[in-house]
Novice: 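Just dropping this structure here.
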Amino acid sequence: MTALTLQQKELLERHYDGELSEFEAKKAEKLIASSATAREFVESLEEIGTATRAAEEQAWSTANAPEASSVAATAIDSDLTTASLDELAPLLERFFDGETDDLESEFVASLIDSRDDVADYLTTLDNLRGGILGSAEAMPEVDFGGFWDAVSEKIDEATTSFDSDEHRVLLYRFHDGEVTDEEVAQVNGWVDANVPEVVSTLDALREVKLATTCGIETAQEGVDFSSIWAAVEDAMDEDLEAQGDNIVAFGKAKRENETKKQPILQRYQQSIYGAVAALFIGGIIIGLFNDQIFEPKVIEKTVVIVDSVEYAPGSSVMINSPVQQASAIQQDGAEPPAEEPTVIWILDTGEENLDGDGSLEEGAESEPADAAAEEAPADVEPDFGNSI
Amino acid sequence: MERDDLELVEAAQEGDREAFRELVEKYQRKVYSICYGMLKNPEDSLDVSQEVFVKVYRYIEKFNKQSSFYTWLYRITVNMCIDYIRKNSKHKSVEYDDRISRDGDDGIAGEHIMPSKLGLNPDKVYGRKELREKMLEALESLSEKHRTILILREVEGLSYEEIADVLNISKGTVMSRLFHARKYFQEAIEEYLDGELKV
């Protein structure tokens with residue numbers, strides 16, 4: 001087990017007392033972590049601390065700390081007026097320093113009146129104070145003009161001086177470029193001052209760097225680096241073959257990711273167009289084959305077979321039914337009339353008000369609408385009694 | 001015009017094979033150096049370097065550009081070397097013995113990098129091949145973790161923060177490990193040069 005140096009012990013004591021800077025604290029923690037002796041030392045410090053605190057607590061718990069005001073009362077009770085000067089001295093000194101309460105001050109005042117030794121004691125104290133003040137006044141004039149400069153110089157000296165234990169890590173960090181501007185200035189200050197330890201340490205660090213670089217470069221001599229790219233290319237080709245795709249798949253995932261980032265409308269644009277087109281075509285087909293697609297719709301139509309019809313828009317229609325004619329001929333016993341064109345009038349629901357132009361089939365005999373309107377008796381309803 | 005890493009990475013992510021080739025050629029020596037630092041064997045180092053770039057090619061889509069490309073690349077390199085070491089027991093025993101001999105609990109007192117006394121300088125070192133070979137031997141005598149951290153710092157020029165990121169250790173550990181690595185390397189150089197070569 002390695003013995004601790006005086007510096008290390010001091011460092012650990014200050015660490016225990018919480019008096020270290022961050023840097024020093026790390027140093028101390030490192031020492032504790034790495035050295036069993038240091039750990040033992042810290043443990044002993046802790047034991048001492050614990051014992052001291054315990055003793056102090058015990059002393060306080062058993063001590064009778066008298067209250068100031070009780071002194072005078074006790075003195076009066078025990079007739080301290082006759083006490084010796086030694087016994088009274090603490091009280092008198094407190095009185096002289098203005099630290100007594102009213103009761104004590106009153107008591108001391110009565111003592112001064114009654115006892116010469118007490119008065120003399122207080123006079124001595126007063127003389128002593130005067131002497132001290134006088135000697136202070138008698139001190140020669142000091143020139144503090146250069147005081148701050150001297151202090152400042154010493155501070156700078158302490159800052160710029162190189163402490164091998166404290167500042168070595170800073171040199172390592174300086175070499176590695178891990179320093180602040182202030183630290184750079186500090187190290188440059190040492191270098192400018194040609195501090196031997198600083199210069200040699202930085203040289204050593206540069207040597208290590210050179211040797212490392214050189215060692216690695218030596219290791220690289222004769223290495224065929226082209227084989228690295230060849231291997232990567234082989235891997236790329238294998239991947240492409242595995243995918244069975246001649247398109248360069250490299251970056252495919254990237255494109256997919258980008259696609260995912262597009263707005264929904266943009267992403268599904270083609271699908272949306274397709275769906276709209278399908279709906280349009282579907283609509284046309286449904287329109288064309290509506291009857292076949294959906295259930296047949298029953299439309300009631302009345303078929304009236306008539307010989308002729310006379311009508312006018314908005315008027316009643318006069319119909320001559322062939323059934324009626326046939327019946328009349330048979331009753332008369334006469335020959336049936338020569339064939340005459342038969343009008344088949346198909347009435348759709350709600351088509352009662354027909355235009356004169358388009359309601360009848362072409363070729364059907366009909367009177368001009370105006371003439372029919374004139375001849376047709378009013379209020380005659382068409383006879384649909386023989387409708388089919 | 002030479003493209004920077006980010007441009008190359010983005011182009012590679014888009015499927016630009018030439019961009020990826022540029023990245024490989026830019027970093028192959030560095031990756032090899034790290035591999036060599038960890039594995040100490042030229043053939044193994046080259047094999048693992050190849051695997052590193054193949055892996056990078058396959059995962060480059062996942063590189064999120066939050067860190068620099070080389071930090072990400074070095075992290076993959078270190079992890080693959082660690083995997084390789086784990087799979088090859090011969091490395092285990094060598095590294096274990098080496099660590100015992102070099103990583104003792106020395107405490108702090110008196111543990112400093114020695115002041116320069118070897119008189120190394122670029123002219124001398126690069127002018128003599130045998131000297132360079134001794135440097136390499138000295139480097140190889142270090143433990144894997146010390147070689148790695150030295151290379152990351154001295155050869156690759158990574159910051160403490162970047163090294164911490166690559167090796168997945170704290171910045172404090174980086175500083176401590178780097179300190180020990182330098183110290184041991186300096187001792188090793190001295191050992192290897194002593195009595196054999198005069199600088």
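Within every chain, numbering begins at 1; the chains are lettered A, B, ... in the order of the sequence lines, protein sequences first and strands thereafter. All values reported here derive from a predicted model rather than from experimental measurement. Computation of the quantities below employed the complete heavy-atom set of this structure, encompassing side-chain atoms and omitting hydrogens, waters and symmetry-equivalent molecules.
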Novice: Measure distances from A:D224 to the heavy atoms of chain B and classify the residue's part below 4.5 Å as side chain, backbone, both or neither.
Specialist: backbone
Novice: Considering only heavy atoms, which portion of A:R173 lies under 4.5 Å from any heavy atom of chain B: side chain, backbone, both, or neither?
Specialist: both
Novice: CD1 of A:I228 to CD of B:E25: how many Å apart, nearest 0.5 Å?
Specialist: 10.0 Å
Novice: List the atom of A:S227, the atom of B:L46, and the distance in Å for their closest heavy-atom pair.
Specialist: OG-CD2, 3.6 Å
Novice: Looking only at heavy atoms, which two atoms of A:A231 and B:V54 are closest? And how far apart?
Specialist: O-CG2, 4.0 Å
Novice: Counting only heavy atoms closer than 4.5 Å, note whether B:V24 contacts chain A via side chain, backbone, both or neither.
Specialist: side chain
Novice: Quick one: pull up CD in A:E233 and CZ in B:F20 and give me the separation to the nearest 0.5 Å.
Specialist: 11.0 Å
Novice: Should A:H175 and B:R182 count as side-chain neighbours, where that means a heavy-atom distance under 4.5 Å?
Specialist: yes
Novice: Between A:V223 and B:Y36, is any pair of side-chain heavy atoms under 4.5 Å apart?
Specialist: no
Novice: Just so I understand: if I count every heavy-atom pair under 4.5 Å between each of A:G177, A:P196, A:G215 and chain B, which residue has the most?
Specialist: A:G215
Novice: Would you mind checking which part of A:E217 comes under 4.5 Å of any heavy atom in chain B, side chain (CB onward), backbone (N, CA, C, O), both or neither?
Specialist: side chain
Novice: Measure the CG-CG distance between A:D176 and B:L178 for me, rounded to the nearest 0.5 Å.
Specialist: 5.5 Å
Novice: Please walk me through it: do A:Y172 and B:M175 pass side-chain contact (heavy atoms from CB on, under 4.5 Å)?
Specialist: CA-CA 9 Å; A:Y172 303 149; B:M175 291 172 72; over 6 Å; no
Novice: Could you measure the distance from the CD atom of A:E178 to the NZ atom of B:K171? Nearest 0.5 Å is fine.
Specialist: 5.5 Å
Novice: So how far is it from B:K134 NZ to A:T218 OG1, rounded to the nearest 0.5 Å?
Specialist: 12.5 Å
Novice: Can you tell me how far apart CD (A:E221) and CD (B:E133) are? Round to the nearest 0.5 Å.
Specialist: 7.5 Å
Novice: What are the two closest heavy atoms between B:F53 and A:V232, and how far apart are they?
Specialist: CB-CG2, 3.5 Å
Novice: Which residues from residues 149-161 of chain B are near chain A, with near meaning under 4.5 Å between non-hydrogen atoms?
Specialist: B:L150, B:I151, B:R153, B:E154, B:V155, B:S159, B:Y160
Novice: Mind listing the side-chain donor-acceptor pairs of residues 28-35 of chain B below 3.5 Å, one per line with the distance, residues two or more places apart or on another chain?
Specialist:
residue: B:R29; atom: NH1; partner: A:Q220; partner atom: OE1; Å: 3.2
residue: B:S33; atom: OG; partner: A:Q220; partner atom: NE2; Å: 2.6
residue: B:S33; atom: OG; partner: B:R29; partner atom: O; Å: 2.8

Novice: Near A:D237 CG, under 6.0 Å, is it more than 12 heavy atoms from other residues, nucleotides or ligands?
Specialist: yes
